Amino acid sequence: MNQFMNEIVQYDGMRPNDEWNKDTQTLDIVMLGAPVPQPIVDEWKKKFKSQEHLEEANVRFYQGSTMPDVNNEGVEIVQEELIDKLRLIQDKDVRIAALEDELRRVNEQGKNFDIISEEVRLNYPQISSISYAESVNKDFITQLTDTIAEYNIRFNDTTLTQQDRGAIKTRMANWLQYRLKTDKIKINELERSVVSTTDTVEVSNP
């Protein structure tokens with residue numbers, strides 16, 4: 001069982017929480033964090049059945065949720081989604097532990113974003129709005145999965161030159177990299193009247 005969890009159920013940005021029910025011979029696995037593609041989950045199920053002494057056992061995977069744009073409404077949606085999904089898990093201890101862990105992370109991210117957005121408002125008066133989401137990216141060449149924090153901003157001054165906007169975005173990206181202690185930051189500029197991305201600054205070391 002431990003070999004299966006440590007060697008097979010591994011995915012970048014995902015934290016597995018497992019519980020073995022001896023009576024029903026069932027392994028419940030709650031996957032929190034980055035969403036795992038269904039084909040990978042299906043492959044894990046096949047490998048579980050091929051494990052020695054587990055041929056007659058069952059495994060059930062419960063997908064968690066990624067963080068949407070962080071605001072009060074987004075936090076409530078994630079919380080409701082998590083509660084609905086985790087209710088399906090029969091073992092009460094696994095359900096409570098997994099739910100508390102993920103809701104703690106969601107609430108902490110919401111608090112951090114409130115602080116950061118206020119700092120952006122004070123330090124960058126040229127910016128009229130900011131939103132945040134985690135982006136999970138897959139490189140088909142290297143087969144590596146990476147999670148990047150994406151911040152979408154809008155400028156309130158349409159007379160700013162492209163050079164001035166680029167300088168502000170670069171300075172903000174460098175500040176967020178230092179502030180959040182991560183080099184995986186991406187700044188997207190959004191047009192004021194539409195939601196399409198017009199320009200991007202990304203800070204991410206290989």
Side-chain angles (χ1 to χ4, degrees), residues 10-15 31-37 40 63-82 101-206:
Q10 298 295 320
Y11 191 80
D12 190 21
M14 183 274 293
R15 304 185 307 280
M31 300 178 293
L32 301 174
V36 180
I40 293 180
Q63 192 85 259
S65 177
T66 55
M67 192 67 179
D69 286 353
V70 181
N71 48 49
N72 290 336
E73 182 181 359
V75 170
E76 291 175 1
I77 292 174
V78 174
Q79 290 175 339
E80 291 173 0
E81 181 182 349
L82 286 169
D101 180 60
E102 188 68 1
L103 291 184
R104 191 180 301 113
R105 185 181 74 89
V106 168
N107 289 327
E108 187 62 30
Q109 283 186 307
K111 292 177 183 177
N112 289 342
F113 180 75
D114 287 341
I115 295 172
I116 288 174
S117 61
E118 181 63 16
E119 292 177 358
V120 169
R121 186 183 69 84
L122 295 173
N123 294 326
Y124 300 91
Q126 306 91 338
I127 296 176
S128 62
S129 68
I130 182 173
S131 60
Y132 161 81
E134 289 183 353
S135 175
V136 181
N137 305 293
K138 177 77 171 185
D139 189 318
F140 293 132
I141 298 177
T142 63
Q143 293 301 306
L144 295 177
T145 302
D146 201 11
T147 302
I148 296 176
E150 291 197 19
Y151 291 85
N152 302 315
I153 63 172
R154 285 188 174 89
F155 289 101
N156 54 29
D157 188 353
T158 57
T159 64
L160 282 174
T161 65
Q162 184 175 357
Q163 182 178 0
D164 289 338
R165 296 200 309 271
I168 292 172
K169 288 183 290 186
T170 298
R171 188 166 71 250
M172 181 179 171
N174 290 333
W175 167 68
L176 284 171
Q177 180 182 14
Y178 173 79
R179 175 73 168 74
L180 300 175
K181 300 296 186 268
T182 177
D183 57 4
K184 297 175 180 178
I185 298 292
K186 187 176 182 181
I187 307 295
N188 299 321
E189 177 188 344
L190 305 180
E191 295 179 359
R192 295 191 65 182
S193 58
V194 296
V195 296
S196 60
T197 302
T198 61
D199 204 357
T200 295
V201 171
E202 182 174 350
V203 179
S204 182
N205 295 332

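The structure presented is a predicted model; accordingly, all values stated were derived computationally and were not measured.
Closest non-hydrogen pair, Asp114 versus Ser117, comes out as O-OG, 2.9 Å. When all heavy atoms of Ile116 and Leu176 are compared, the pair lying nearest together is CG2-CD2, 3.8 Å. Here the shortest heavy-atom pairing between Met31 and Val36 reads SD-CG2, 3.9 Å. When all heavy atoms are compared, the tightest approach of Asn156 to Pro125 is ND2-O, 2.9 Å. The minimum heavy-atom distance between Arg165 and Glu189, with the atom names listed, is NE-OE2, 2.8 Å. In this structure, Phe113 and Ile130 approach most closely via the heavy-atom pair CZ-O, 3.7 Å.
Rounding to the nearest 0.5 Å gives a distance of 10.5 Å between CD of Glu119 and CE of Met172. The line from CG of Leu190 to CZ of Phe155 is 10.5 Å long, rounded to the nearest 0.5 Å. Put simply, NZ on Lys184 and OG on Ser135 are 12.0 Å apart, with the number rounded to the nearest 0.5 Å.
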Query raised in the report: side chain to side chain contact (heavy atoms under 4.5 Å, CB included) between Asp164 and Gln126: does it pass, once the steps are laid out?
Result: CA-CA 10 Å; Asp164 289 338; Gln126 306 91 338; over 6 Å; no

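Residues passing the side-chain hydrogen bond (donor to acceptor under 3.5 Å, both in side chains) test with Glu118, sequence neighbours excluded: Arg121. Residues that satisfy the side-chain hydrogen bond (donor to acceptor under 3.5 Å, both in side chains) test with Arg171, not counting sequence neighbours, are absent from this structure. Residues that satisfy the side-chain hydrogen bond (donor to acceptor under 3.5 Å, both in side chains) test with Ser128, not counting sequence neighbours, are absent from this structure.
In the model, Asn188 has a side-chain atom that pairs as donor or acceptor with a side-chain atom of Asn152 under 3.5 Å.
Looking at heavy atoms from C-beta onward, Lys138 lies in side-chain contact with Gln143 at the 4.5 angstrom threshold. Contact check for Ile148 versus Asn137: side-chain heavy atoms found under the 4.5 Å cut-off. With a 4.5 Å cut-off on side-chain heavy atoms, Ile153 and Ile168 do not count as touching. Between Tyr11 and Pro37 the shortest side-chain heavy-atom distance falls below 4.5 Å. Between Thr145 and Met14 the shortest side-chain heavy-atom distance does not fall below 4.5 Å. Between Tyr178 and Ile185 there is no side-chain heavy-atom pair separated by less than 4.5 Å.
Put simply, the side chain of Lys186 never gets that close to the backbone of Tyr151: no donor and acceptor are under 3.5 Å apart. In this structure, the side chain of Thr170 does not engage the main chain of Ala167 through any donor-acceptor pair within 3.5 Å.
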